[in-house]
Undergrad: 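Handing you a structure now.
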Protein chains: 2
Amino acid sequence: MDDQELFALFRKNGYKVTAQRLAIYKFILTRGDHPTADQIYQELKTDYPTLSLGTIYKTLHTLKELGLIQELGFNEGSKRYDPDMELHINMVCTKCGTIYDYKAENVKKMWNTILSDLRTKPKGQRIDIYYECDDCK
Amino acid sequence: MDDQELFALFRKNGYKVTAQRLAIYKFILTRGDHPTADQIYQELKTDYPTLSLGTIYKTLHTLKELGLIQELGFNEGSKRYDPDMELHINMVCTKCGTIYDYKAENVKKMWNTILSDLRTKPKGQRIDIYYECDDCK
DNA sequence: GTAACTGCAAACGCTTTGCACTCCC
DNA sequence: GGGAGTGCAAAGCGTTTGCAGTTAC
């Protein structure tokens with residue numbers, strides 16, 4: 001999605017285009033792992049010294065509302081924000097908490113089989129695999 | 001698992017067998033949905049008037065430690081506690097929050113296929129499907 | 001008897017909310 | 001110009017922690 005499409009999506013839904021919203025969304029996009037609200041805050045406050053955590057939370061809800069990101073609650077600590085809206089597996093390191101997305105054809109096939117067994121059409125899904133990453137071993 | 005095995009499991013790991021622990025674990029077992037800490041508290045305080053939320057949280061951690069239950073963090077509200085430790089899909093209603101476990105043989109087969117593609121051996125997994133249940137439609 | 005557990009209350013951390021000021025359109 | 005957005009601080013809520021009294025073994 002280019003900037004023009006993004007701007008149009010905001011405005012079509014009655015949201016204004018602001019520097020903070022763009023910065024937060026682009027930051028999430030560039031990070032492969034799925035940052036927490038505070039990680040976003042820590043990284044962006046250098047460039048945007050007046051930025052507040054409150055704004056970050058409000059923006060994250062807006063982005064979720066627009067279908068641009070997914071919110072993931074975990075057992076410990078904070079929620080994570082994932083800009084990949086397609087079917088994928090969240091590979092979660094149980095030690096350092098880093099997450100990366102795993103996509104494979106097999107997963108899509110499995111998912112389609114499962115869905116065809118269900119009577120209802122789901123609104124969304126989430127698949128996590130918990131493991132220990134190479135850095136933590 | 002019968003009571004004797006359960007008692008033995010507690011004691012083998014240095015935990016004492018108490019009325020509260022048994023009541024909390026059995027309550028989770030009998031509920032098909034995955035209750036929150038507060039739901040457990042509300043239901044059990046009639047039979048155990050002195051029971052406190054603090055004890056419930058401590059017990060839930062103990063049960064998790066023993067591998068008897070799984071803790072599931074969600075986007076909104078509280079964590080849920082699931083006594084099914086085998087591979088299954090959590091069917092989560094996005095309106096009322098009720099969860100039931102969905103088990104299918106073909107899921108296991110496909111899951112093993114996916115796992116064999118990974119280099120690492122995972123420590124656990126979680127699969128959620130979000131939908132709208134019949135009562136909420 | 002003693003180490004572990006319970007119950008209570010206070011503390012904690014993440015997230016949300018309210019409100020005055022500011023900015024996009 | 002006006003309504004939406006931001007920044008700040010206070011409040012909210014689920015969960016954790018500390019400690020004195022109690023219980024399992």
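Naming: A, B, ... by sequence-line order, numbering from 1 per chain.
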Undergrad: What parts of residues 74-83 of chain A reach DNA chain C, counting only heavy atoms under 4.0 Å away?
TA: A:S78, A:K79
Undergrad: Kindly indicate whether a cation-pi arrangement holds for B:R31 with B:Y25, taking the cut-offs as under 6.0 Å to the six-membered ring centre and within 45° of the axis.
TA: no
Undergrad: Do B:D3 and B:K26 meet the salt-bridge criterion of a basic N to acidic O distance under 4.0 Å?
TA: yes
Undergrad: Under a 3.5 Å cutoff, is there a donor and acceptor pairing between the side chains of B:S52 and B:T55?
TA: yes
Undergrad: Using a strict heavy-atom distance below 4.0 Å, which residues from residues 36-71 of chain B are in contact with DNA chain C?
TA: B:T50, B:L51, B:S52, B:T55, B:K58
Undergrad: The test is side-chain contact (heavy atoms from CB on, under 4.5 Å); show your working for A:I127 and A:Y102 and say whether it passes.
TA: CA-CA 10 Å; A:I127 312 177; A:Y102 174 78; over 6 Å; no
Undergrad: Heavy atom of residues 15-31 of chain B under 4.0 Å from DNA chain C: which residues?
TA: B:Y15, B:K16, B:T18, B:Q20, B:R21
Undergrad: What heavy-atom pair brings A:Q70 and A:D84 nearest, and what distance separates the two atoms?
TA: OE1-O, 3.7 Å
Undergrad: Do the side chains of A:K103 and A:D101 get close enough for a salt bridge, i.e. N-O under 4.0 angstrom?
TA: no
Undergrad: Ion pair present between A:R80 and A:D33, side-chain N to carboxylate O less than 4.0 angstrom?
TA: no
Undergrad: How many whole angstroms separate atom CZ of A:R11 from atom P of D:dA4?
TA: 15 Å
Undergrad: Quick one: is the NZ or CZ of B:R21 closer than 6.0 Å to the six-membered ring centre of B:F27, and within 45° of its axis?
TA: no
Undergrad: Given B:L66 and B:Y15, is the side-chain contact (heavy atoms from CB on, under 4.5 Å) satisfied, shown in steps?
TA: CA-CA 10 Å; B:L66 291 172; B:Y15 294 113; 3.8 Å; yes
Undergrad: Using side-chain contact (heavy atoms from CB on, under 4.5 Å), reason through B:L72 and B:K79 one step at a time and then give a plain yes or no.
TA: CA-CA 6 Å; B:L72 298 174; B:K79 291 173 190 158; over 6 Å; no
